[in-house]
*Asks:* 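A single structure is presented below for examination.
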Amino acid sequence: MSIAAGAPSRAEVLTLFRSFLRVARKFTDYNIREYTKRRTIDAFRQNRNLMDPSAISAAFSDGKAQFEVANRQAVVYSLYAPKLKSVMEVQK
């Protein structure tokens, strides 16, 4: 989607949000996984009230770029994941 095409639809934004949460589940480290979830939710809440189509498009483009970074990081972290679980995960 290009910026000239206008603001993304609600479905596109929700798809990006769900994709972020799916990527967060790929992280094996508890702290990084929870940080990614929390950061995703906070960023989408922060941009919830945007009204300007250019600001919405810019936020969506930035979100897609951040999604690609998170996706690559999930792969890298899976290659070097620690074998021990976090204390937070052991209690569950």
*Asks:* Taking all heavy atoms of Ala24 and all of Arg33, pick out the closest pair and write down the distance.
*Replies:*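 Of all heavy-atom pairs spanning Ala24 and Arg33, the closest is O-CG, 3.0 Å.
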
*Asks:* Please tabulate, for side-chain N and O atoms in residues 15-23, each donor-acceptor pair with protein atoms closer than 3.5 Å (sequence neighbours left out).
*Replies:*
unit_1: Thr15; atom_1: OG1; unit_2: Ala11; atom_2: O; d: 2.8
unit_1: Ser19; atom_1: OG; unit_2: Thr15; atom_2: O; d: 2.8

*Asks:* Hydrophobic side-chain clustering at under 4.5 Å (ILVMFWY, transitive links): who's grouped with Leu79? Put none if nobody.
*Replies:*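 Besides Leu79, the hydrophobic cluster comprises Val76, Tyr80, listed by chain and residue number.
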
*Asks:* Could you list the residues that satisfy ring-ring contact (aromatic ring centres under 6.0 Å, His included) with Tyr77, not counting sequence neighbours?
*Replies:*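 Tyr77 satisfies ring-ring contact (aromatic ring centres under 6.0 Å, His included) with Phe27 only.
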
*Asks:* What is the minimum heavy-atom distance between Ala7 and Ser57, and which atoms define it?
*Replies:*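 That closest heavy-atom pairing would be CA-OG, 3.4 Å.
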
*Asks:* Checking Asn47 now: which residues fulfil side-chain contact (heavy atoms from CB on, under 4.5 Å) with it, not counting sequence neighbours?
*Replies:*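 With neighbours one apart ignored, the set is Leu50, Ala59.
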
*Asks:* Who pairs with Asp52 by side chain to side chain donor-acceptor pair (under 3.5 Å), at least two apart in sequence or on another chain?
*Replies:*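 Partners of Asp52 under the side chain to side chain donor-acceptor pair (under 3.5 Å) test: Ser54.
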
*Asks:* Starting at CZ of Phe44, measure out to CG of Leu14 and round the result to the nearest 0.5 Å.
*Replies:*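 Answer rounded to 0.5 Å: 8.5 Å.
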
*Asks:* Determine whether Val13 and Ile41 fall in the same hydrophobic cluster, where Ile, Leu, Val, Met, Phe, Trp and Tyr are linked whenever their side-chain heavy atoms lie under 4.5 Å apart.
*Replies:*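 Linked within one cluster.
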
*Asks:* Who clusters with Val69? Use side-chain heavy atoms, under 4.5 angstrom, across I, L, V, M, F, W and Y, and order the result by chain and number.
*Replies:*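 Val69 shares its hydrophobic cluster with no other residue.
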
*Asks:* Answer whether the closest heavy-atom distance between the side chains of Lys26 and Asn71 falls below 4.5 Å.
*Replies:* yes

*Asks:* With rounding to the nearest 0.5 Å, note down the distance linking CZ in Arg39 to CD in Gln46.
*Replies:* 7.0 Å

*Asks:* Is it true that a side-chain atom of Glu12 and a backbone atom of Ser9 form a donor plus acceptor pair closer than 3.5 Å?
*Replies:* yes

*Asks:* Between Ser61 (side chain) and Ala58 (backbone), is there a donor-acceptor pair under 3.5 Å?
*Replies:*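 Checking the backbone N and O of Ala58 against the side chain of Ser61, no donor-acceptor pair under 3.5 Å is found.
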
